[in-house]
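Worksheet for the structure shown next.
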Amino acid sequence: VSLFFFMIFFAYKKERIYIYFSLLNLLSFIFFSTLFAGDLPWVGFHGGINYFWFFKLAKCATFFGLEYLFSLFIFDYLQLKHNLAERILRGMYLFGAVTLCITAKTYHDLLNISHFIIWPSVIDIQIAIGLIIRHLGKSPKRERARLLLFILSPFLITVNADFIIKTFLNNIEVPYVSMYGWIGTVIIFFLNFSFDYQKISSRLEYLNTELKNEVGEQTRQLQEANN
């Protein structure tokens with residue numbers, strides 16, 4: 001899926017939502033791979049990097065990358081203005097958060113750092129979701145906002161479910177379901193893209209047919225005038 005939308009970005013529209021969605025899929029694959037770290041041949045006793053470095057890169061640093069792309073994806077999908085200063089500020093925060101995670105010496109240091117730097121990301125995500133809700137009503141962008149909320153709903157529902165189960169119910173035996181919610185979001189976005197492409201293709205085919213008919217009619221009229 002990541003490769004598909006990466007190719008779509010360069011081959012066709014070159015809209016940033018496609019490259020954002022491509023990178024979101026790539027990073028989500030890395031992020032959720034931590035759930036199966038013990039089975040990965042390049043992690044831990046299998047060889048390759050140790051668990052601590054894998055956790056810092058795949059779980060912590062990747063999370064901030066996902067949050068960064070998630071916010072940009074929502075901004076661009078809603079066709080909102082995102083000025084250069086905001087992009088620079090988000091980029092600086094991403095760089096700082098990733099650097100702090102990677103340079104952590106121990107699990108304890110990483111945990112303390114994460115508790116401190118995660119809150120700006122949480123606030124940024126809430127702002128991005130708030131933008132969707134804000135445009136659900138009487139807004140020129142309400143159709144895109146409603147469609148985006150529908151696309152993201154499986155992921156948002158399962159993320160909140162994981163948060164409730166792990167935080168309030170303190171149940172660590174139940175597996176994370178947000179991974180499946182993200183798969184649902186990917187499927188819906190893929191289907192939406194397919195429907196849009198079909199509409200564009202049908203429209204172009206219709207215009208092409210109409211153009212041929214008009215050229216044929218004008219040719220016929222010209223021949224009649226010459227006769």
Side-chain angles (χ1 to χ4, degrees), residues 16-32 34-35 58-101 110-171 174 176-186 188-189 192:
R16 286 178 297 195
I17 58 171
Y18 295 123
I19 191 65
Y20 291 155
F21 196 72
S22 172
L23 294 174
L24 277 170
N25 277 279
L26 177 61
L27 292 185
S28 64
F29 168 77
I30 298 173
F31 181 80
F32 287 119
T34 57
L35 300 176
K59 194 74 171 181
C60 299
T62 301
F63 168 80
F64 294 105
L66 284 169
E67 181 275 322
Y68 173 78
L69 292 169
F70 182 77
S71 297
L72 293 182
F73 174 77
I74 290 177
F75 264 86
D76 278 64
Y77 194 93
L78 294 177
Q79 298 176 339
L80 300 174
K81 291 183 179 180
H82 199 195
N83 60 48
L84 181 61
E86 291 175 332
R87 291 183 180 273
I88 292 175
L89 184 62
R90 289 177 187 274
M92 290 176 61
Y93 168 71
L94 173 63
F95 177 79
V98 171
T99 302
L100 288 172
C101 289
L110 182 62
L111 186 63
N112 290 335
I113 292 170
S114 299
H115 284 167
F116 175 72
I117 62 178
I118 197 173
W119 289 108
S121 293
V122 173
I123 294 172
D124 194 31
I125 292 173
Q126 295 300 322
I127 291 174
I129 296 174
L131 289 173
I132 300 176
I133 298 173
R134 177 186 174 186
H135 289 88
L136 288 176
K138 296 180 180 179
S139 167
K141 305 181 188 302
R142 62 181 177 273
E143 293 300 326
R144 294 186 69 84
R146 292 171 181 174
L147 180 58
L148 182 57
L149 183 61
F150 176 71
I151 291 172
L152 295 176
S153 58
F155 180 63
L156 296 177
I157 292 171
T158 51
V159 165
N160 282 281
D162 279 339
F163 180 75
I164 293 172
I165 293 171
K166 305 302 179 184
T167 304
F168 294 104
L169 301 181
N170 198 27
N171 190 331
V174 177
Y176 286 90
V177 295
S178 52
M179 176 176 62
Y180 304 104
W182 177 249
I183 293 174
T185 287
V186 170
I188 295 174
F189 187 81
N192 176 66

Checklist line | Listed partners of F163 passing side-chain contact (heavy atoms from CB on, under 4.5 Å), at least two apart | finding: T167, F168

Item checked: Residues which pass side-chain contact (heavy atoms from CB on, under 4.5 Å) with L27, listed by chain and number, not counting sequence neighbours -> I30, T62, L66, L69

Counting only pairs under 3.5 Å, give me each side-chain donor-acceptor contact of residues 113-123, with atom names and distances, residues two or more places apart or in other chains.
| unit_1 | atom_1 | unit_2 | atom_2 | d |
| --- | --- | --- | --- | --- |
| S114 | OG | L110 | O | 2.7 |
| W119 | NE1 | H115 | O | 3.3 |
| S121 | OG | Y93 | OH | 2.7 |

Next item on the list: With sequence neighbours left out, write down each residue that passes salt bridge (Lys or Arg N to Asp or Glu O under 4.0 Å) with E143, or none if nothing qualifies.
Entry: R146

Checklist line | Residues that D76 engages under salt bridge (Lys or Arg N to Asp or Glu O under 4.0 Å), provided they are two or more places apart | finding: R16, R87

Margin query: By the salt bridge (Lys or Arg N to Asp or Glu O under 4.0 Å) test, which pairs, at least two apart or in different chains, include something from residues 58-67?
Written below: none

Margin query: Measuring from atom CD1 of I188 to atom CD1 of I183, what distance do you get when rounded to the nearest 0.5 angstrom?
Written below: 12.5 Å

Note to self: To the closest 0.5 Å, what do you measure between CG (L80) and CZ (F75)?
What the structure shows: 6.5 Å

Check: How many angstroms lie between atom NZ of K141 and atom CG of L131, to the nearest 0.5 angstrom?
Finding: 11.0 Å

Next item on the list: Using side-chain hydrogen bond (donor to acceptor under 3.5 Å, both in side chains) as the criterion, list what pairs up with D162, not counting sequence neighbours.
Entry: S178

Margin query: Strictly by ring-ring contact (aromatic ring centres under 6.0 Å, His included), give each pair with a member in residues 125-156 just once, sequence neighbours left out.
Written below: F155-W182

Checklist line | Whether over 12 other heavy atoms sit under 6.0 Å from F29 CZ | finding: no

Check: How long is the span from the CD1 atom in I17 to the CD atom in Q79, to the nearest 0.5 Å?
Finding: 8.0 Å

Margin query: To check you understand the geometry: which heavy-atom pair defines the closest contact between A145 and L78, and what is its length?
Written below: CA-CD2, 3.6 Å

Item checked: Separation between OG1 of T185 and CG of N25, rounded to the nearest 0.5 Å -> 10.0 Å

Margin query: Run the side-chain hydrogen bond (donor to acceptor under 3.5 Å, both in side chains) test against T158 and tell me which residues pass, sequence neighbours left out.
Written below: none

Notebook entry, point to check: Taking only residues two or more places apart in sequence, or in another chain, which ones meet D124 in a side-chain hydrogen bond (donor to acceptor under 3.5 Å, both in side chains)?
Noted result: S71, R90

Notebook entry, point to check: Rounded to the nearest 0.5 Å, how far apart are CZ of F21 and CG of L26?
Noted result: 12.5 Å

Next item on the list: Return the minimal non-hydrogen interatomic distance between T34 and A58, and the atom names on each side.
Entry: CG2-CB, 3.5 Å

Checklist line | Partners passing side-chain contact (heavy atoms from CB on, under 4.5 Å) against I88 (at least two apart in sequence or in another chain) | finding: L84, M92

Note to self: Restricting to ring pair (Phe, Tyr, Trp, His ring centres under 6.0 Å), what partner residues turn up for Y77, sequence neighbours left out?
What the structure shows: F73

Item checked: Any I132 side-chain heavy atom under 4.5 Å of L152 side chain -> yes

